[in-house]
2 protein chains.
Amino acid sequence: MGAPLPRDPIADAQHNWEERGWSDVAAPMAAITAIMRTQQILLARIESVLKPFGLTFARYELLALLSFARSGALPMNKASALLQVHPTSVTNAVDRLERAGLVARSPHPTDGRTTLIELTSEGRTVAKRATAVLNSEVFGQSGFESADVDQLIRILGSFRRNAGDFTD
Amino acid sequence: MGAPLPRDPIADAQHNWEERGWSDVAAPMAAITAIMRTQQILLARIESVLKPFGLTFARYELLALLSFARSGALPMNKASALLQVHPTSVTNAVDRLERAGLVARSPHPTDGRTTLIELTSEGRTVAKRATAVLNSEVFGQSGFESADVDQLIRILGSFRRNAGDFTD
DNA sequence: GCAATATACTAGGACATCCAAGGGTTTGGA
DNA sequence: TCCAAACCCTTGGATGTCCTAGTATATTGC
């Protein structure tokens with residue numbers, strides 16, 4: 001956005017919390033705020049890389065999910081569950097991907113309520129190329145130490161499990 | 001959203017990455033995806049707590065920032081920089097907070113380009129009460145182990161510094 | 001078998017974020 | 001002094017997310 005700040009605004013907030021006598025929750029507040037900000041930074045990097053492909057992160061995630069499905073097709077409700085987003089968000093993403101010719105809707109063979117989303121061959125190509133660039137430009141240069149990556153996976157995995165994302 | 005999944009979708013994605021030969025970036029990919037999902041869960045909790053106050057997280061952050069400013073007022077560009085969001089997002093938040101009577105715009109005394117945002121007394125009251133509930137309902141029950149909170153603050157703090165958020 | 005309930009997707013609305021562009025104000029160099 | 005460049009805020013547009021409600025199809029229970 002702009003130039004770096006002279007001080008860490010989240011550390012400042014943590015100090016403010018402690019000064020007000022909320023020391024018991026100051027650290028979790030700072031951690032949660034840091035997660036918010038980190039997500040914002042990472043999302044911006046990802047979207048910047050995907051822009052040349054005409055993709056957003058939401059649409060890329062759907063393409064990637066489909067590309068890993070054996071049949072190359074998934075019911076919309078399944079995609080919604082796996083991506084952990086609201087069904088209307090999937091409808092929105094599919095609308096745009098379909099208009100771009102990267103996926104196609106088709107009726108479910110036995111359940112009239114269900115719509116299957118299927119990768120087109122162009123969709124598969126775009127997914128492959130976008131993934132390659134994301135791997136090299138974002139995931140390969142995350143800025144996290146290797147040991148910290150393991151810590152994040154452990155800590156956030158535990159959090160997500162406790163939050164009810166999955167049972168394992 | 002829905003019921004817990006039988007398996008962790010992010011761990012599955014990491015395995016898929018490894019199977020395709022992208023083992024070198026599979027772990028950072030999983031960590032980054034986990035940050036995205038964690039942010040989503042935390043944001044939902046926060047918004048749920050703030051809803052009774054007629055606040056969103058974006059508006060709450062602005063109120064909280066103002067409540068910690070000595071004078072109780074800040075220029076909009078300063079708020080934009082400290083909250084690390086685009087100036088138009090601040091304009092949007094101030095518009096709504098002003099309509100709700102929680103903040104007021106006033107001209108800067110010496111710089112005609114600048115607009116100051118000031119807490120109203122009602123705004124200060126709402127900020128105080130919203131903070132109390134957030135502290136007890138979200139930050140006080142984050143679900144993170146105390147040691148993990150420290151790890152998160154360290155890891156994400158380092159990341160944000162490297163990303164150019166601040167120099168310290 | 002049929003009505004009541006549950007499930008799947010979509011339409012419309014509220015919010016937030018960013019970008020691009022425009023209008024007003026200040027600053028700084030020729 | 002004066003005009004160009006820099007800065008500040010706002011408007012308008014695109015996208016994503018969620019919620020609520022509505023339509024269509026399946027499933028269940030009597």
Side-chain angles (χ1 to χ4, degrees), chain A residues 1-3 36-37 39-51 53-63 74-100 103 105-117, chain B residues 1-3 36-37 39-51 53-63 74-100 103 105-117:
Chain A
M1 210 77 48
M36 299 293 192
R37 174 58 186 156
Q39 186 267 353
Q40 192 179 24
I41 294 168
L42 290 169
L43 182 60
R45 287 187 191 174
I46 291 171
E47 301 260 322
S48 157
V49 162
L50 293 177
K51 190 160 197 158
F53 295 97
L55 292 176
T56 62
F57 187 48
R59 293 178 225 167
Y60 167 77
E61 277 196 299
L62 184 51
L63 281 189
L74 279 179
M76 297 196 52
N77 64 334
K78 196 91 178 175
S80 170
L82 291 173
L83 297 175
Q84 321 223 228
V85 296
H86 200 278
T88 54
S89 297
V90 176
T91 294
N92 184 317
V94 171
D95 283 350
R96 297 172 195 280
L97 287 171
E98 192 172 35
R99 243 177 284 155
V103 306
R105 281 179 166 93
S106 66
H108 189 286
T110 64
D111 189 334
R113 297 168 300 181
T114 300
T115 299
L116 293 175
I117 331 165
Chain B
M1 210 77 46
M36 299 295 193
R37 174 59 186 155
Q39 186 266 353
Q40 192 180 24
I41 294 168
L42 290 169
L43 182 61
R45 288 187 190 173
I46 291 171
E47 301 261 322
S48 156
V49 162
L50 292 177
K51 190 160 198 157
F53 295 98
L55 292 176
T56 61
F57 186 48
R59 293 178 225 167
Y60 167 76
E61 277 197 299
L62 184 51
L63 281 190
L74 279 179
M76 299 200 47
N77 64 334
K78 196 92 177 174
S80 169
L82 291 173
L83 297 176
Q84 321 223 227
V85 294
H86 200 278
T88 54
S89 297
V90 176
T91 295
N92 184 315
V94 171
D95 283 349
R96 298 173 194 279
L97 288 170
E98 193 171 35
R99 245 176 283 155
V103 307
R105 281 180 167 91
S106 67
H108 189 285
T110 65
D111 188 335
R113 297 169 300 181
T114 300
T115 299
L116 293 175
I117 330 165

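Keep in mind the model is a prediction, meaning the values are calculated, not measured. By convention in this document, chain letters (A, B, ...) are assigned in the order of the sequence lines, proteins followed by strands, and residues within each chain are numbered from 1.
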Would you tell me if any nitrogen or oxygen in the side chain of [X] comes within less than 4.0 Å of OP1 or OP2 on [N]?
X       : N       : answer
R105(B) : dT10(D) : yes
H86(B)  : dC19(C) : yes
S89(B)  : dC18(C) : yes
R96(B)  : dA14(C) : no
T114(A) : dA8(C)  : no

Task: Of A93(A) and K51(B), the one whose closest DNA chain D nucleotide lies more 5' - done: A93(A)
Task: Residue whose nearest DNA chain D nucleotide is more 5′ - E47(A) or M76(B) - done: M76(B)
Specify the separation, in whole Å, of atom [atom1] of [X] and atom [atom2] of [N].
X       : N       : atom1 : atom2 : result
Q39(B)  : dA16(C) : CD    : P     : 14 Å
L43(A)  : dC18(C) : CG    : P     : 10 Å
L116(A) : dC9(C)  : CG    : C1'   : 13 Å
L97(A)  : dG16(D) : CG    : P     : 9 Å
L62(A)  : dT15(D) : CG    : C1'   : 15 Å
L42(A)  : dT17(C) : CG    : P     : 17 Å
L55(B)  : dA14(C) : CG    : P     : 18 Å
K78(B)  : dC9(D)  : NZ    : P     : 12 Å

Open item on the list: Is there a side chain to side chain contact (heavy atoms under 4.5 Å, CB included) between E61(A) and V85(A)? Walk through the geometry before answering.
Closed with: CA-CA 11 Å; E61(A) 277 196 299; V85(A) 296; 5.8 Å; no
From C-beta outward on [X], which listed nucleotide comes closest to its side chain: [options]?
X       : options                   : answer
Q40(A)  : dT10(D), dC9(D), dC18(C)  : dC18(C)
T88(A)  : dA8(C), dG16(D), dA11(C)  : dA11(C)
A58(A)  : dT10(C), dT17(D), dT15(D) : dT17(D)
R113(B) : dT17(C), dT25(D), dA6(D)  : dA6(D)
N77(A)  : dC18(C), dA16(C), dA8(C)  : dA8(C)

Answer with base, sugar-phosphate or nothing: what part of the nucleic acid does [X] contact at a heavy-atom distance below 4.0 Å?
X       : value
T91(A)  : base
T110(A) : sugar-phosphate
T115(B) : sugar-phosphate
N92(A)  : base
D111(A) : sugar-phosphate

Task: CG on L82(B) to CG on L74(B), rounded to 0.5 Å - done: 6.5 Å
TODO: Would you give the length of the straight line joining atom CG of L55(A) to atom CG of L63(A), rounded to the nearest 0.5 angstrom?
DONE: 5.5 Å
- [ ] Check whether any side-chain heavy atom of Q40(B) lies under 4.5 Å from a side-chain heavy atom of Q39(A), and answer yes or no.
- [x] no
Task: Contact check, side chains of I46(B) and M36(A), non-hydrogen atoms, under 4.5 Å - done: yes
TODO: Give the C-alpha distance, both sets of side-chain angles, the deciding distance and a yes or no for side chain to side chain contact (heavy atoms under 4.5 Å, CB included) between I117(B) and K78(B).
DONE: CA-CA 10 Å; I117(B) 330 165; K78(B) 196 92 177 174; over 6 Å; no
